[in-house]
Number of protein chains: 2
Amino acid sequence: MDIHQNVGSRLKALRKRYDLSQRKLADKAGLTHGTVSHIERDKISPSIGTLRQILDAIPMTLSDFFSDQGERDTDFFYAEDDLLDVGSGGVSLLQIGKNLNGLPLQILLERYPPGSETASTPYRCRSGEEGGIVIEGEIELTIDDRTRVLKANEGYLFPSHLPHKMRNVGEVDCVIVSACTPPA
Amino acid sequence: MDIHQNVGSRLKALRKRYDLSQRKLADKAGLTHGTVSHIERDKISPSIGTLRQILDAIPMTLSDFFSDQGERDTDFFYAEDDLLDVGSGGVSLLQIGKNLNGLPLQILLERYPPGSETASTPYRCRSGEEGGIVIEGEIELTIDDRTRVLKANEGYLFPSHLPHKMRNVGEVDCVIVSACTPPA
DNA sequence: TGTGAGTGTATAATATATTATACAGTCCAC
DNA sequence: GTGGACTGTATAATATATTATACACTCACA
């Protein structure tokens, strides 16, 4: 009963972030504040049902609760210089936020020069979704053996675990805004 | 359907998929096979520690265990006509995918005419993140009492539970690509 | 037929989680 | 100061999870 690493501190941080007292949270969840106190101090390992009750009251999913969520930025705005380039080769991938660890959302401003492409590796992500919208130019997108060319104002959306590949078959840069969750 | 999804059937399917008997799994996890049996038939709600032991033996993370991996759309590509307008007033919000129910990711192509704005209501979302990138024009964005004007290629990212408001204070349309998770 | 090695289930005994309390500290109004 | 409404913690009593069994069933093989 000492092996539950961080359920307690996680719950406490979560509760604080939503500005709830142990009693308020316990009321919403239909539990007693003592239980919340026990859990937060890692005195007990709550049952799934109990934790689900608590998270439903916040609300938050069990999956999100257990996905590592570190401290988050308090800086909400990002100038162009604040975007972090995580691309390689000729491809530019500008990411919103430098410290995404644990954040459930990654947004990228992508620019593909003519002829450039992303690796065709299956790139086995965790469960999650990935999608985007083409802003300028054209891109050939292959998802799980299905290929299509997308133009400006067209989009895509697929589960991240599928192998996928981007290739700019046009003659001008292709600009895409993409989002995926959770970040790999 | 996921509110009361049973841990039991999920664990049983998982165990079967890895071709393990209740005893083999229990041994690996350092538990008794009776416990596994109880859990699979939903006779008990296991403690987090116990479930973690079991999943470690498979292995699988708690987050992945609770993440819904149900059937989803097999249509990955979206032409401009396939985007669903969920906006109101003068604001156009084109959503990728018509049937997002249960999907953890919503991507929007937003267009704000000069002078238009989104409701200033706190708009208390579920937990999650929301962010975006300005493509054209300028937008005045207010997040939790902080206000800033963003131009093209600038972005924003914040936890969805904070009150926020958009207003186009420029003289041309403002185009934004945004993403949020989970969809409200 | 058996016998042995598998399966999963059912049930008391025991360990643990959850409740119902009491307690101590903080903050604010008066 | 004093009272009241909050915090969060600590500890017995109770409810529940987990264990240690026993049991019934299937399948392969002699």
Side-chain angles (χ1 to χ4, degrees), chain A residues 1-66 69 71, chain B residues 2-66 122 124 127 144-145 161-162:
Chain A
M1 97 190 95
D2 262 329
I3 322 171
H4 11 84
Q5 299 125 354
N6 34 16
V7 172
S9 50
R10 252 186 218 195
L11 177 59
K12 183 164 190 171
L14 189 62
R15 177 174 63 79
K16 293 285 188 193
R17 216 172 110 227
Y18 283 84
D19 198 27
L20 295 167
S21 68
Q22 290 180 348
R23 279 173 172 80
K24 282 182 196 160
L25 178 57
D27 281 351
K28 281 183 146 192
L31 298 166
T32 63
H33 66 282
T35 301
V36 176
S37 176
H38 285 323
I39 295 171
E40 290 187 355
R41 284 173 299 129
D42 285 323
K43 297 299 184 185
I44 63 176
S45 175
S47 75
I48 302 299
T50 300
L51 186 57
R52 168 143 40 207
Q53 282 179 270
I54 293 175
L55 295 182
D56 281 352
I58 287 191
M60 165 166 273
T61 69
L62 282 159
S63 179
D64 284 348
F65 181 78
F66 287 114
Q69 56 201 18
E71 283 309 306
Chain B
D2 295 325
I3 307 299
H4 288 299
Q5 82 214 14
N6 36 10
V7 173
S9 54
R10 222 176 247 214
L11 177 59
K12 183 164 189 171
L14 188 62
R15 177 174 63 80
K16 292 287 187 191
R17 188 138 55 84
Y18 283 83
D19 198 27
L20 295 167
S21 69
Q22 290 181 348
R23 279 174 171 81
K24 281 182 197 161
L25 178 57
D27 280 352
K28 281 183 145 192
L31 298 165
T32 62
H33 65 284
T35 301
V36 176
S37 176
H38 286 322
I39 295 171
E40 290 188 355
R41 285 173 298 129
D42 286 319
K43 296 298 183 186
I44 62 175
S45 175
S47 76
I48 302 299
T50 300
L51 186 58
R52 168 140 43 204
Q53 282 180 269
I54 292 175
L55 294 182
D56 281 352
I58 287 190
M60 164 166 273
T61 68
L62 282 159
S63 180
D64 284 348
F65 181 79
F66 287 114
R124 198 122 181 87
S127 65
D144 195 30
D145 297 332
H161 66 88
L162 294 178

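Keep in mind it's a predicted model, so treat the numbers as computed, not measured. Residue numbers start from 1 in every chain, and the chains themselves are labelled A, B, ... in the order their sequence lines are given, proteins ahead of strands.
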*So what does B:Ile39 hit on the nucleic acid, given a heavy-atom distance under 4.0 Å: a base, only sugar-phosphate, or nothing?*
nothing
*For A:Ser47 and C:dT18, is the shortest distance between a side-chain N/O and OP1 or OP2 below 4.0 Å?*
yes
*asked:* Looking at the base of C:dG8, is there any donor atom on it, or on the side chain of B:Arg23, that sits under 3.5 Å from an acceptor on the other one?
replied: yes
_Under 4.0 Å, counting only non-hydrogen atoms across every strand here, what does A:Ser37 touch: a base, just sugar-phosphate, or nothing?_
base
*asked:* Categorize B:Ser21 for me: base, sugar-phosphate, or nothing, with a 4.0 angstrom heavy-atom threshold over every strand shown.
replied: sugar-phosphate
*asked:* Base, sugar-phosphate or nothing for A:Lys24? Non-hydrogen atoms, less than 4.0 Å.
replied: sugar-phosphate
*Find the distance B:Leu25:CG to C:dG6:P and express it as a whole number of Å.*
17 Å
*Ignoring backbone atoms, test whether B:Arg15 places a side-chain nitrogen or oxygen under 4.0 Å from the OP1 or OP2 oxygen of C:dT7.*
no
*Distance in angstrom units between B:His33 NE2 and C:dG6 C1', rounded*: 12 Å
_How many whole angstroms separate atom CG of A:Asp27 from atom P of D:dT7?_
10 Å
*Give the minimum heavy-atom separation between B:Ala57 and B:Ala29, together with the two atoms involved.*
CB-N, 3.9 Å
_Value in whole Å for how far the P atom of C:dA10 lies from NZ of B:Lys43_ = 6 Å
*Hey, which sits more toward the 5' end of DNA chain D by its nearest nucleotide, B:His38 or A:Glu40?*
A:Glu40
*B:Gln53 CD - D:dA17 P separation (whole Å)*: 16 Å
*asked:* Looking at C:dT19, I'd like to know if its phosphate oxygens (OP1 or OP2) sit under 4.0 Å from a side-chain N or O belonging to A:Thr35.
replied: yes
*Round to the nearest Å and state the distance from B:Gln22 atom CD to D:dT19 atom P.*
13 Å
*Closest non-hydrogen atom pair, B:Arg15 against B:Gln22*: NH1-N, 3.4 Å
_Spacing of A:Lys12 atom NZ and A:Asp42 atom CG [to the nearest 0.5 Å]_ = 11.0 Å
*Where is the tightest heavy-atom contact between A:Leu62 and A:Ile48, given as atom of each residue plus distance?*
CD1-CG2, 4.3 Å
*Closest to the A:Arg41 side chain: D:dA10, C:dA20, D:dA17?*
D:dA10
*Which whole-number value in Å describes the distance from A:Arg52 CZ to C:dA17 P?*
18 Å
*Does the side chain of A:Lys16 get closer than 4.0 angstrom to OP1 or OP2 of D:dG8 through an N or O atom?*
yes
*Passes side chain to side chain contact (heavy atoms under 4.5 Å, CB included), A:Val7 versus B:Arg52? Steps please.*
CA-CA 11 Å; A:Val7 172; B:Arg52 168 140 43 204; 3.8 Å; yes
_In this structure, how many angstroms lie between the P atom of D:dT14 and the CD1 atom of A:Ile44, rounded?_
19 Å
